[in-house]
Protein chains: 2
Amino acid sequence: MNEIFKALADPTRREILRVLREQERSAGELSDLFPLAKSTLSGHFNVLKAADLIIQDKRGTTITYCLNTSVFEDVVAHLFDFFAPRETPKETI
Amino acid sequence: MNEIFKALADPTRREILRVLREQERSAGELSDLFPLAKSTLSGHFNVLKAADLIIQDKRGTTITYCLNTSVFEDVVAHLFDFFAPRETPKETI
DNA sequence: TTGGTATTTCGCCAATTACCGAAATACTAG
DNA sequence: CTAGTATTTCGGTAATTGGCGAAATACCAA
């Protein structure tokens with residue numbers, strides 16, 4: 001979970017996730033949307049992959065990334081770790 | 001919102017929030033719970049304060065910190081920015 | 001005012017991070 | 001195999017970050 005929060009700390013990576021929320025895109029398409037070097041974007045993809053926030057799909061020389069929404073609940077659950085009211089434990093009964 | 005995600009990126013700060021979720025505590029009490037220099041903890045409090053994640057209450061020489069749960073919904077809402085299914089826009093109608 | 005306690009600020013350091021351009025890798029049509 | 005495209009890896013840099021100890025600040029009882 002630390003990886004996820006670390007990944008979300010960077011605004012560019014959050015923007016990448018926002019874009020992928022609309023639809024999956026190739027590395028090239030993503031790089032066209034950001035004023036950054038392709039190598040930089042590649043590094044960001046690695047961080048997001050390591051955090052399981054995106055999924056990579058290789059087709060020939062093209063790599064497509066899509067959002068991994070299944071981690072969403074995990075993130076929210078962990079947010080409850082420090083944001084939920086103290087009465088939460090009882091309410092779960 | 002960038003401040004919040006930046007604040008949440010550090011495990012120590014997340015732990016601080018977890019502790020404050022149980023109950024508010026003074027800077028000294030918090031520092032007793034972490035194997036870190038008081039100055040380091042003070043730095044962490046500053047980050048959390050800047051992100052509006054905690055609220056500071058001064059009483060004499062004692063400073064008490066408590067969790068600011070009102071930002072929780074904001075955080076979750078922003079999580080929807082990149083995690084919500086693409087159908088969300090319609091469902092909000 | 002002094003001394004003691006509570007806490008923050010400051011200066012320094014090592015590690016990490018985001019960014020870049022060049023080089024390398026992966027793939028494929030011709 | 002070659003050339004071209006797609007993408008990543010690599011090495012370098014500047015900025016940021018988390019940690020520390022010392023100094024400074026804030027407060028208050030005596």
task = For A/Tyr65, report the nucleic acid contact type (base, sugar-phosphate, nothing); a contact means any heavy atom under 4.0 Å.
result = sugar-phosphate
task = Could you tell me whether B/Thr62 contacts a base, only the sugar-phosphate backbone, or nothing, with contacts defined as non-hydrogen atoms closer than 4.0 Å?
result =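 Sugar-phosphate contact only.
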inquiry  = Suppose we screen for ring pair (Phe, Tyr, Trp, His ring centres under 6.0 Å). Which residues come up paired with B/Phe5, at least two apart in sequence or across chains?
reply    =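 For B/Phe5, no residue satisfies ring pair (Phe, Tyr, Trp, His ring centres under 6.0 Å) once neighbours in sequence are set aside.
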ask   = Mapping A/His44 and B/Ser26 to their closest nucleotides on DNA chain C, which lands nearer the 5' end?
value =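 Result of the comparison: B/Ser26.
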inquiry  = If you only use heavy atoms from C-beta on, which nucleotide in C/dT7, D/dT9, D/dC20 is closest to the side chain of B/Ile63?
reply    = C/dT7
What is the distance, rounded to the nearest whole Å, between atom [atom1] of [X] and atom [atom2] of [N]?
X: B/Leu30; N: C/dA6; atom1: CG; atom2: C1'; value: 13 Å
X: B/Glu3; N: D/dT16; atom1: CD; atom2: C1'; value: 13 Å
X: B/Ile54; N: C/dT7; atom1: CD1; atom2: P; value: 13 Å
X: B/Leu41; N: C/dC10; atom1: CG; atom2: C1'; value: 17 Å
X: B/Lys49; N: C/dT8; atom1: NZ; atom2: P; value: 6 Å
X: A/Asn2; N: C/dT16; atom1: CG; atom2: C1'; value: 13 Å
X: B/Lys38; N: D/dG18; atom1: NZ; atom2: C1'; value: 18 Å
X: A/Phe45; N: D/dT9; atom1: CZ; atom2: P; value: 12 Å

inquiry  = Tell me whether A/Ser42 contacts the main-chain N or O of A/Ser39 through its side chain, where contact means a donor paired with an acceptor under 3.5 Å.
reply    =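 The answer is no, because no donor-acceptor pair under 3.5 Å joins these two groups.
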inquiry  = Tell me whether B/Arg13 contacts the main-chain N or O of B/Leu8 through its side chain, where contact means a donor paired with an acceptor under 3.5 Å.
reply    =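 Side chain of B/Arg13 to backbone of B/Leu8, a donor-acceptor pair under 3.5 Å: no, none is there.
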ask   = If you pin A/Ala27 and A/Lys6 to their nearest nucleotides in DNA chain D, which one's is more 5'?
value = A/Ala27
Tell me the closest heavy-atom pair linking [X] and [Y], and the distance in Å.
X: B/Leu30; Y: B/Tyr65; answer: CD1-CD1, 4.1 Å
X: A/Arg25; Y: A/Leu20; answer: N-CD2, 3.7 Å
X: B/Ala51; Y: B/Ile4; answer: O-CG1, 3.4 Å

Got a second to check how far [X]'s [atom1] is from [Y]'s [atom2], nearest 0.5 Å?
X: B/Glu24; Y: B/Thr64; atom1: CD; atom2: OG1; value: 5.5 Å
X: B/Asp10; Y: B/His44; atom1: CG; atom2: NE2; value: 4.5 Å
X: A/Thr12; Y: A/Leu41; atom1: OG1; atom2: CG; value: 8.0 Å

key: Any donor-acceptor N/O pair under 3.5 Å between D/dG18 base and B/Thr40 side chain   = no
note = The contact string for nucleotides 24-30 of chain C, one letter per nucleotide 5' to 3', using protein heavy atoms under 4.0 Å with B, S and - for base, sugar-phosphate only and none, comes out as --BBS--
request  = Please state whether the phosphate of C/dT9, meaning OP1 or OP2, lies under 4.0 angstrom from any side-chain nitrogen or oxygen of B/Asn46.
outcome  =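 Looking at the OP1 and OP2 atoms of C/dT9, one of them is under 4.0 Å from a side-chain N or O of B/Asn46.
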message = Heavy atoms within less than 4.0 Å of DNA chain C: which residues of residues 10-17 of chain A have one? Give them sorted by number.
response =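 Residues of residues 10-17 of chain A under 4.0 Å from DNA chain C: A/Asp10, A/Thr12, A/Arg13.
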inquiry  = Please determine whether salt bridge (charged side-chain N to carboxylate O under 4.0 Å, His left out) holds for the pair A/Glu3 and A/Lys6, giving the CA-CA distance in whole Å, both sets of side-chain angles, and the decisive distance to 0.1 Å.
reply    = CA-CA 5 Å; A/Glu3 299 297 302; A/Lys6 282 232 179 237; over 6 Å; no
